[in-house]
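Written out below as structure tokens is the structure these notes cover.
Everything quoted here is computed from the prediction, not taken from an experiment.
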Amino acid sequence: MKSFINTKTFFPYSFFLLLYIFTACKSTSPIKSNQVLDIKPKILRLTYDSTWTTKETFELQKVESIHQSGNTYTLLFDPNVSENTFRWIRVSSTNQENRQGFPYLMSSLNQSAKVFYIPWKNTKISVVIQNQNEDPKKIDCRWEGLYNGYLLVVETEYMNNNGYELSKVAQIFHQYANDRIITY
């Protein structure tokens with residue numbers, strides 16, 4: 001039985017048609033990394049099976065891609081709202097393999113840096129806390145954990161107006177991150 005489709009011309013034409021579709025559908029206006037976005041989401045996707053959710057009102061200041069397998073969000077909170085413990089938060093995720101090249105905000109640790117290991121989701125996460133040299137009340141905080149092969153990182157600056165010990169600040173920051181990271 002003879003087919004009504006000529007295979008000698010069908011495959012070359014279909015190849016060029018697919019090639020045209022792929023090139024025609026390409027975006028022509030890239031998103032600038034320093035562009036302030038005027039959207040107010042309540043849930044931000046970290047990985048396929050984890051999200052960041054928050055009850056506070058925030059401004060999504062920056063959205064970037066990390067290593068083509070993850071992303072990072074920088075959120076600004078209203079400093080005039082007394083319930084806002086933090087003025088800003090940076091939430092990031094990437095493949096576990098990219099841990100060595102991860103662009104941490106707190107890349108250099110000083111002598112005051114303390115690492116606390118806290119149980120989370122059948123594993124332990126690390127919370128790195130250090131006083132800033134310029135202002136001893138400002139504390140840099142980094143929450144870091146692995147979930148299903150992905151590195152999740154939450155970074156911020158905490159104003160220690162209550163004079164808490166660093167271990168107490170680590171517990172406060174862990175509870176804050178734990179309440180906002182949702183895993184599926």
Side-chain angles (χ1 to χ4, degrees), residues 26-27 29-79 81 83-109 113-130 138-159 166-184:
K26 187 176 177 183
S27 175
S29 59
I31 297 176
K32 298 174 186 172
S33 63
N34 60 356
Q35 178 180 356
V36 175
L37 303 174
D38 190 27
I39 50 177
K40 305 227 185 296
K42 288 295 183 183
I43 297 176
L44 302 172
R45 171 78 53 199
L46 295 176
T47 66
Y48 178 73
D49 50 5
S50 65
T51 57
W52 176 269
T53 183
T54 184
K55 300 171 190 96
E56 299 94 354
T57 302
F58 64 89
E59 176 185 327
L60 188 57
Q61 183 187 22
K62 191 186 290 185
V63 178
E64 294 179 307
S65 175
I66 299 178
H67 304 297
Q68 288 82 33
S69 63
N71 45 41
T72 182
Y73 305 99
T74 304
L75 296 86
L76 295 178
F77 299 107
D78 187 355
V81 178
E83 292 87 34
N84 291 345
T85 309
F86 307 103
R87 293 180 186 248
W88 59 269
I89 289 267
R90 180 178 177 229
V91 184
S92 310
S93 68
T94 190
N95 281 345
Q96 182 176 350
E97 296 84 31
N98 295 324
R99 188 177 210 166
Q100 294 297 94
F102 191 83
Y104 295 109
L105 292 179
M106 186 177 24
S107 56
S108 61
L109 302 177
K114 302 272 190 247
V115 180
F116 301 92
Y117 295 97
I118 302 172
W120 181 73
K121 308 275 184 206
N122 300 324
T123 186
K124 287 191 176 186
I125 56 97
S126 65
V127 178
V128 180
I129 305 290
Q130 77 176 3
K138 284 186 180 178
I139 298 176
D140 291 328
C141 305
R142 179 172 72 210
W143 183 101
E144 185 173 355
L146 295 173
Y147 184 73
N148 285 350
Y150 281 90
L151 174 67
L152 305 176
V153 178
V154 183
E155 299 170 289
T156 192
E157 187 177 87
Y158 179 77
M159 285 301 294
L166 292 182
S167 61
K168 176 71 174 170
V169 173
Q171 286 293 332
I172 290 169
F173 188 50
H174 168 67
Q175 191 61 48
Y176 183 85
N178 188 46
D179 290 346
R180 284 153 182 81
I181 293 177
I182 303 201
T183 56
Y184 304 99

With Ile181, which of Thr183, Asp179, Asn178 fulfils side chain to side chain contact (heavy atoms under 4.5 Å, CB included)? Thr183
Which atom pair, heavy atoms only, marks the closest approach of Ser126 to Val115? CB-CG1, 4.2 Å
Closest heavy-atom pair and its distance - Trp52, Leu75: NE1-CD2, 4.3 Å
Can you tell me how far CG of Asp140 sits from CD of Glu157, rounded to the nearest 0.5 angstrom? 6.0 Å
Check: Phe86 ring centroid to Phe173 ring centroid under 6.0 Å: yes
If you measure from CD on Glu144 to OH on Tyr117, what distance do you get to the nearest 0.5 Å? 9.0 Å
What I want to find out is whether Arg90 reaches Glu64 closely enough, with some N-O distance under 4.0 Å, to be called a salt bridge. no
When you measure from the side chain of Tyr73 to the backbone N and O of Arg45, does any donor-acceptor pair fall under 3.5 Å? yes
Output the distance between atom CD1 (Ile66) and atom OG1 (Thr72), rounded to the nearest 0.5 Å. 4.5 Å
Side-chain heavy atoms of Asn148 within contact of Thr47, under 4.5 Å: no
Indicate the atoms forming the closest heavy-atom contact of Cys141 with Tyr158, along with that distance. SG-CB, 3.8 Å
Flag side-chain contact, heavy atom, 4.5 Å: Leu166 against Ile139: yes
Look at the rings of Phe77 and Phe58 and say which category their plane angle falls in: under 30° parallel, 30 to 60° tilted, over 60° perpendicular. perpendicular
For the residue pair Thr123 and Tyr147, confirm or rule out a side-chain donor-acceptor distance under 3.5 Å. no
To the nearest 0.5 Å, how far apart are OG1 in Thr51 and CG in Leu44? 8.5 Å
Do the non-hydrogen side-chain atoms of Leu46 and Tyr150 ever get within less than 4.5 Å of each other? no
Inter-residue atom distance Gln171.CD - Ile129.CD1, 0.5 Å rounding: 10.0 Å
Got more than 12 heavy atoms from elsewhere within 6.0 Å of OH, Tyr48? no
Using side-chain heavy atoms (C-beta onward) and a distance below 4.5 Å, is Met159 in contact with Lys138? yes
Less than 4.5 Å apart, any side-chain heavy atom of Val154 and any of Ile89? yes
Can you name the nearest heavy-atom pair linking Leu146 to Trp120, along with the distance? O-CZ3, 3.8 Å
Tightest non-hydrogen contact, residues Ser50 and Tyr184, listed as N-CD1, 4.0 Å
Distance from Glu155 atom CD to Leu105 atom CG, nearest 0.5 Å? 4.0 Å
